[in-house]
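Sequence positions, counted from 1, serve as the residue numbers for this chain.
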Amino acid sequence: MTNRDPRGGDALDREFDEALALAKDPASQGRTAQDSASQDPAQRPGRSSGASGAPGPRGPHRHRPATPWPDARAIAARAPRTSRPSPTTLDGTPVARPLPEALGHVLAAPLTALTDLPSFDTSAMDGWALAGPGPWRLPAADQSVLAGHAEADPLPDGHAIRIATGARVPPGATAVLRTEHGAATGGWLYAAPAHPVSPGQDIRPRGQECRSGDLLLPAGAVITPVILGLAAAAGYDELPTMARPRVEILVLGDELLRQGLPHDGRIRDALGPMLAPWLRALGAEPLATRRLADDAEALYAAVAESPADVVLTTGGTAAGPVDHVHPTLRRLDAELLVDGVAVRPGHPMLLARLAPHKHLVGLPGNPLAAVSGLLTLAEPLLRTLTGRPAPAPCPAPLAAAVHGHPRDTRLVPVVFREDEAFPLRFNGPAMLRGVAVADGLAVIPPGGAERGTEVEVLDLPWSTAWPGPQE
């Protein structure tokens with residue numbers, strides 16, 4: 001076998017990608033060098049913080065081949081099932097939450113109606129309750145049936161009485177005549193000729209929406225504002241919910257700044273502000289975001305002592321002299337479930353089981369590579385831990401050809417325009433400019449995809465703020 005170039009496999013892959021991009025898009029020639037440079041912020045020799053960094057010395061953990069991208073997602077999704085005592089909540093016990101606190105949580109049990117809806121026959125309109133055919137005699141006094149009042153006296157045949165929307169229909173009433181369709185004169189009510197009355201008209205019968213005991217929603221439904229309203233209408237004061245997995249975020253790197261402009265070879269931490277809100281959108285409970293220097297003992301102590309169900313690290317997942325994640329996992333006798341994924345960006349990502357009920361997701365340090373790791377490993381893992389259903393595949397035709405890696409899957413930010421997925425240009429491992437306005441990440445198979453090819457698009461858990469495509 002021919003020896004690999006001393007610059008490292010990633011450097012050759014990057015040059016291959018750039019050459020292929022030039023061949024497919026000559027107009028990009030003037031910007032290729034600039035885009036390539038922007039993919040790799042200043043990094044110290046030997047440190048690999050994303051898909052574009054040159055790998056350091058290879059240790060024993062690197063003998064195994066990278067896991068194919070679909071397989072990695074499947075492994076992450078089923079990892080908790082092999083160690084949890086219950087498939088529903090972290091400790092097997094649902095958490096009862098008052099309705100105002102249940103938003104965004106996941107139902108731990110089916111939601112069944114505690115009452116009929118509506119629980120009595122009600123008027124669907126403001127108007128008159130009628131008994132039998134008309135015309136109808138009106139009460140001598142100005143009387144009305146209002147919502148929230150006790151049941152009215154029975155309505156004799158041939159009589160009518162004013163009624164408000166939502167009020168209980170009096171016994172004996174056969175229909176409701178809308179205010180705009182009737183005329184009251186001389187103590188009698190007449191229906192407009194253009195609006196004849198039919199039996200049951202504008203009455204919501206008891207149990208029209210559901211009967212007591214009916215299944216309204218299955219376990220695993222994410223609780224939305226509308227579900228809160230439905231639960232309240234069905235008689236609930238609190239809901240049984242899944243326990244949210246606790247996640248601790250460890251942002252690694254001496255080169256990261258928490259504020260101010262980059263200087264002296266140091267760069268801003270882009271992942272620290274982003275990860276906790278993202279994980280919360282995935283149903284997790286972020287405990288803390290801690291920033292650690294490139295210190296093996298500090299990382300070991302942080303992981304070993306973390307109270308979280310999932311530890312999420314950024315950077316340090318390769319094999320350079322300051323990449324301490326793998327040595328830490330070996331010291332903790334962790335089980336590596338995924339050690340590298342055949343995906344660009346983000347291939348140095350990993351998933352490990354620290355204990356029967358505790359996992360670690362190692363993300364690369366480059367921002368878009370870390371996003372790739374979130375969607376590849378963290379999202380499926382947390383989906384299972386929170387009991388959320390797997391999203392339905394969302395294929396879309398590409399509006400333009402996308403060149404591929406010769407062996408690995410690519411994840412490329414896209415926006416939807418007229419049912420097509422438009423690839424965004426700022427898609428380097430260190431770039432967030434593309435994904436910041438993206439509707440999702442298109443899954444590009446090895447070798448690439450031509451225009452019109454339907455590809456899977458991974459959803460992002462929010463809407464884009466700016467709808468314009470990038471030029």
Side-chain angles (χ1 to χ4, degrees), residues 13-39 50-52 68-70 72-73 274 278 281 341-347 366-376 379-380 390-471:
D13 290 339
R14 186 167 62 252
E15 291 174 6
F16 174 90
D17 290 348
E18 293 169 0
L20 190 55
L22 288 173
K24 288 182 175 289
D25 182 13
S28 68
Q29 186 168 5
R31 68 175 186 254
T32 302
Q34 178 182 356
D35 288 355
S36 178
S38 67
Q39 292 179 11
S52 61
W69 181 80
R73 282 174 57 82
M274 180 177 76
W278 194 313
V341 178
V343 65
R344 303 300 171 108
H347 68 280
N366 270 335
L368 188 57
V371 168
S372 174
L374 279 172
L375 295 176
T376 302
E379 187 274 333
C394 181
L398 289 171
V402 179
H403 73 272
H405 188 274
R407 299 175 303 279
D408 297 349
T409 300
R410 280 192 69 199
L411 301 182
V412 177
V414 295
V415 291
F416 292 120
R417 297 290 178 270
E418 298 179 353
D419 298 326
E420 289 187 308
F422 282 74
L424 300 177
R425 179 164 60 91
F426 297 102
N427 55 33
M431 297 180 179
L432 290 177
R433 185 174 175 181
V435 74
V437 297
D439 293 317
L441 268 69
V443 181
I444 307 300
E450 298 299 325
R451 178 179 180 179
T453 303
E454 280 207 345
V455 296
E456 181 182 358
V457 179
L458 304 177
D459 284 336
L460 300 174
W462 53 80
S463 299
T464 55
W466 174 70
Q470 295 179 335
E471 300 297 338

>> Leu441 vs Asp459, test: side-chain contact (heavy atoms from CB on, under 4.5 Å). Steps then yes/no.
In response: CA-CA 7 Å; Leu441 268 69; Asp459 284 336; over 6 Å; no
> Do Thr376 and Trp69 pass the side-chain contact (heavy atoms from CB on, under 4.5 Å) test, and can you show the C-alpha distance, the side-chain angles, and the key distance before you say yes or no?
Replying inline: CA-CA 7 Å; Thr376 302; Trp69 181 80; 2.9 Å; yes
> What heavy-atom pair brings Asp419 and Pro397 nearest, and what distance separates the two atoms?
Replying inline: O-CD, 3.3 Å
> Where do Phe422 and Leu398 land on the side-chain contact (heavy atoms from CB on, under 4.5 Å) test, with the steps shown first?
Replying inline: CA-CA 6 Å; Phe422 282 74; Leu398 289 171; over 6 Å; no
>> Please enumerate all residues that pass side-chain hydrogen bond (donor to acceptor under 3.5 Å, both in side chains) together with Ser372, with sequence neighbours excluded.
In response: none
> Which of these, Val402, Val343, Val443, sits in a side-chain contact (heavy atoms from CB on, under 4.5 Å) with Arg410?
Replying inline: Val402
> Looking at Leu460 and Ala438, what are the two nearest heavy atoms and their distance?
Replying inline: CD1-O, 3.6 Å
>> I need the Ile444 CD1 to Asp408 CG distance, nearest 0.5 Å.
In response: 13.5 Å
> Pick one: which of Val435, Val414, Val415, Val412 meets side-chain contact (heavy atoms from CB on, under 4.5 Å) with Leu424?
Replying inline: Val415
> Passes side-chain contact (heavy atoms from CB on, under 4.5 Å), Arg425 versus Arg433? Steps please.
Replying inline: CA-CA 9 Å; Arg425 179 164 60 91; Arg433 185 174 175 181; 5.8 Å; no
> For Pro446, what residues pass the side chain to side chain contact (heavy atoms under 4.5 Å, CB included) criterion, not counting sequence neighbours?
Replying inline: Thr409
>> I'd like to know if the side chain of Arg344 reaches the main chain of Ala369, judged simply by a donor and an acceptor atom lying under 3.5 Å from each other, with no hydrogens or angles considered.
In response: no
>> Between Arg73 and Leu375 (side chain of the first, backbone of the second, donor and acceptor by atom type, cut-off under 3.5 Å), is there such a pair?
In response: yes
>> Using the side chain to side chain contact (heavy atoms under 4.5 Å, CB included) criterion, which residues pair with Pro68? Sequence neighbours excluded.
In response: Pro70, Asp71
>> Rounded at 0.5 Å granularity, tell me how far CD in Glu454 sits from CD in Glu420.
In response: 10.5 Å
> Can you find a heavy atom in the side chain of Glu456 that is under 4.5 Å from one in the side chain of Pro395?
Replying inline: no
>> Looking at every heavy atom in both His405 and Arg407, which two are closest together, and how far apart are they?
In response: ND1-N, 3.0 Å
